[in-house]
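So that the names make sense, note that chain A is the first sequence line, chain B the second, and so on, each numbered from 1.
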Number of protein chains: 2
Amino acid sequence: MSKRAAPEARRAELIAATARVLATRGAAGASVRVIAAAAGVSPGLVTHHFGGVERLVEATYDHVAARVGEALEAAVTTAGESPRERLAAYLDASFAPPIADPALLATWIAFWSLAQGGAAMQASHAHHYAGYRARLEVLLGEVGVAAERRHLAAVGLTALVDGLWLELCLSPGVFTAADARAVVAGYVAAV
Amino acid sequence: MSKRAAPEARRAELIAATARVLATRGAAGASVRVIAAAAGVSPGLVTHHFGGVERLVEATYDHVAARVGEALEAAVTTAGESPRERLAAYLDASFAPPIADPALLATWIAFWSLAQGGAAMQASHAHHYAGYRARLEVLLGEVGVAAERRHLAAVGLTALVDGLWLELCLSPGVFTAADARAVVAGYVAAV
DNA sequence: GTGGTTGTTGCACGAGCGTATAACAAGGGC
DNA sequence: GCCCTTGTTATACGCTCGTGCAACAACCAC
C-alpha cells in the first residue's frame, strides 16, 4: 500500500502515470487498472481523485499541453533578442526533444482518438492551438510581417510545423529534423 | 440471418461497415460485435473471413487509403492539361469532399491509434505516404521544379496539406477551405 | 435429386473493463 | 491519547470484449 499523500501530489502522480501509459500503450491501454498499477496505487484511487478515467485523461491532456507550451517558450527565451532568431527558435523547437518524440506523438494520438466525442477535450484542444497560433502571430509581428497577413501566415506555419512533426515522428527516415527546419525556414523567408 | 454471399462481396461489406463504425464511433467502438451489427451479420463472420479484428482493420485501412488516392487522381484527371492546374487540383482536393470530411479524419485517427504497435499497418502507412509524395514530385517536375529541389518541396507540401487538412477537420471555423487553398497556393508560388 | 463444400449463426468461455462500496489506516486538531 | 476526517485498499457486480466451436443451411457439382 502506498503511503498517504496530499491530494495534489497524488493527482500529479496519477497524471504522470497516465501520460506514461498513453505513451507506451496507446489509448487502448489506458485503463484504470493499468494506470493505477503504473502509479503504484490501487485502482479505486482514480475514481476517488478524478471521478472517472475520462476526467483523468482530460487532466493529463491539459498537463501535457502546458508542458509543450513551456518547452516552446523556453526555446524562445534562450534564443536571445533577435526577433528573427526568436521566431526560428519557436518553430524549430518542434523538431527537437522533448517535442519531437514518438512517445509524445503516441500521447497526442491517444488524446485525439479519445476526444472524438468529448466536448471538454475538444474545447481544450481548440484553446491550445489558438494559443500556439496567437504566440506565432506575435513573433511574426516582431519580425515585421504586416498585421493583415499575420493570421494566414500563422495558420500556414502551424499546419506546416504540425505536418512535419507528425511525419517526423510517424516515419523517421523519410526526412530529418534538419530537413524540417530547412523547409520551415524556406516558408518563413517566403512570408 | 443474412443470405449467403460470395466471400469477396462479404469481405467488402465488412470493410465498408468497419469504415462506417470507425468514422462514427472511433477506434474504441470498433469491436467485432459492433462491426458485425453494422454489417447486419453475425459476429463470428469477422473471424471466419478475416481471422480477427486486427486483420479486418488493416484491410479497411488499405481500402480507405486506396479510395483517397483515387479521389486525388480523379481531381488531377478532370483538371485538364495545364501542369500548373493539375498540381493545384491535386493539392486542393484535400480540402474538398470527400477528403475534407470529419468522418475521414476520425477514421484516420483510429488507424493511427491502432497502428501504434502493428508493424503491418505502419508499413502500409509508410507506403501510402510515399505514394502521395512520389505523385507530388512528378507533378512538381511537370511545372518545372528542378529535380534536386523536388524532394524537399514534396515533403513540405505534403506536411502543409496534411496539417491544414487536420486542423480543417478538427476545428472548422478557425479558417476555411478557401484559406487553406490560398496558403498552399502561396507555398507553391514560393517554390 | 443427392452429397458435399462452405458461408453463417448462436452460444459459451475466460478475460478485462469501469465503478460502487465497505472496511481499514494514517495523520491532524484538541 | 483520543477522535474524526479522509486517503487508501480490496472486493464485488454487471458489462463488453475476442474467439473457438458445433450446428444449421444455402449453393454447386454431379
Side-chain angles (χ1 to χ4, degrees), chain A residues 1-22 24-61 110-111 113-118 120-121, chain B residues 1-22 24-61 110-111 113-118 120-121:
Chain A
M1 164 172 167
S2 208
K3 298 276 295 184
R4 189 192 185 102
E8 320 98 53
R10 188 63 83 200
R11 283 174 57 98
E13 281 177 25
L14 283 169
I15 286 174
T18 305
R20 232 176 305 140
V21 169
L22 284 175
T24 54
R25 292 176 167 237
S31 75
V32 171
R33 286 169 175 81
V34 171
I35 292 172
V41 297
S42 158
L45 267 199
V46 170
T47 304
H48 186 260
H49 283 294
F50 291 90
V53 157
E54 197 171 329
R55 236 83 62 79
L56 171 55
V57 172
E58 286 171 16
T60 307
Y61 181 97
F111 286 140
S113 78
L114 292 171
Q116 279 305 117
M121 221 144 87
Chain B
M1 162 172 167
S2 207
K3 298 275 293 185
R4 187 192 186 104
E8 320 96 54
R10 189 63 83 199
R11 284 174 56 97
E13 281 177 25
L14 283 170
I15 286 175
T18 305
R20 233 177 302 140
V21 169
L22 285 176
T24 55
R25 292 177 165 235
S31 73
V32 171
R33 286 170 175 80
V34 171
I35 292 173
V41 297
S42 160
L45 266 199
V46 171
T47 304
H48 185 257
H49 281 295
F50 289 91
V53 158
E54 196 171 329
R55 237 84 62 80
L56 171 55
V57 172
E58 285 172 16
T60 308
Y61 182 99
F111 286 139
S113 77
L114 292 171
Q116 279 305 117
M121 221 143 87

*So do B:Val57 and B:Phe50 actually touch side chain to side chain, heavy atoms under 4.5 Å?*
no

*asked:* Would the distance check show the side chain of B:Arg10 and the main-chain N or O of B:His49 forming a donor-acceptor pair, the cut-off being under 3.5 Å?
replied: no

Check the distance between [N]'s [atom2] and [X]'s [atom1] and give it to me in whole angstrom.
X	N	atom1	atom2	answer
B:Leu45	D:dG18	CG	C1'	15 Å
A:Arg11	D:dT8	CZ	C1'	16 Å
A:Leu14	D:dT8	CG	P	9 Å
B:Phe50	C:dT8	CZ	P	12 Å
B:Glu54	D:dC17	CD	P	17 Å

*Most 5' of B:Val41 and A:Gly51 on DNA chain C, judged by nearest nucleotide*: B:Val41

Closest to the [X] side chain: [options]?
X	options	result
B:His49	C:dT19, D:dC17, C:dG7	C:dG7
A:Thr47	C:dG18, D:dG18, C:dA20	C:dA20
A:Pro7	C:dT9, D:dG7, C:dC17	D:dG7
A:His48	D:dT19, C:dG10, D:dT8	D:dT8
A:Val32	D:dA10, C:dT19, D:dG7	C:dT19
B:Arg33	C:dT9, D:dT9, D:dC17	D:dC17

*asked:* Regarding D:dG7, can its base be found pairing with the side chain of A:Arg10 as donor and acceptor, where the two atoms are less than 3.5 Å apart?
replied: no

*So what does A:Ala6 touch, heavy atoms closer than 4.0 Å: a base, only the sugar-phosphate, or nothing?*
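Nothing, no nucleic acid heavy atom in range.
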
*A:Pro43 near the nucleic acid: base, sugar-phosphate alone, or nothing, with a heavy-atom cut-off under 4.0 Å?*
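Here A:Pro43 touches no strand at all.
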
*Between B:Glu58 and B:Arg55, is there a side-chain N and carboxylate O pair less than 4.0 Å apart?*
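B:Arg55 and B:Glu58: not salt-bridged.
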
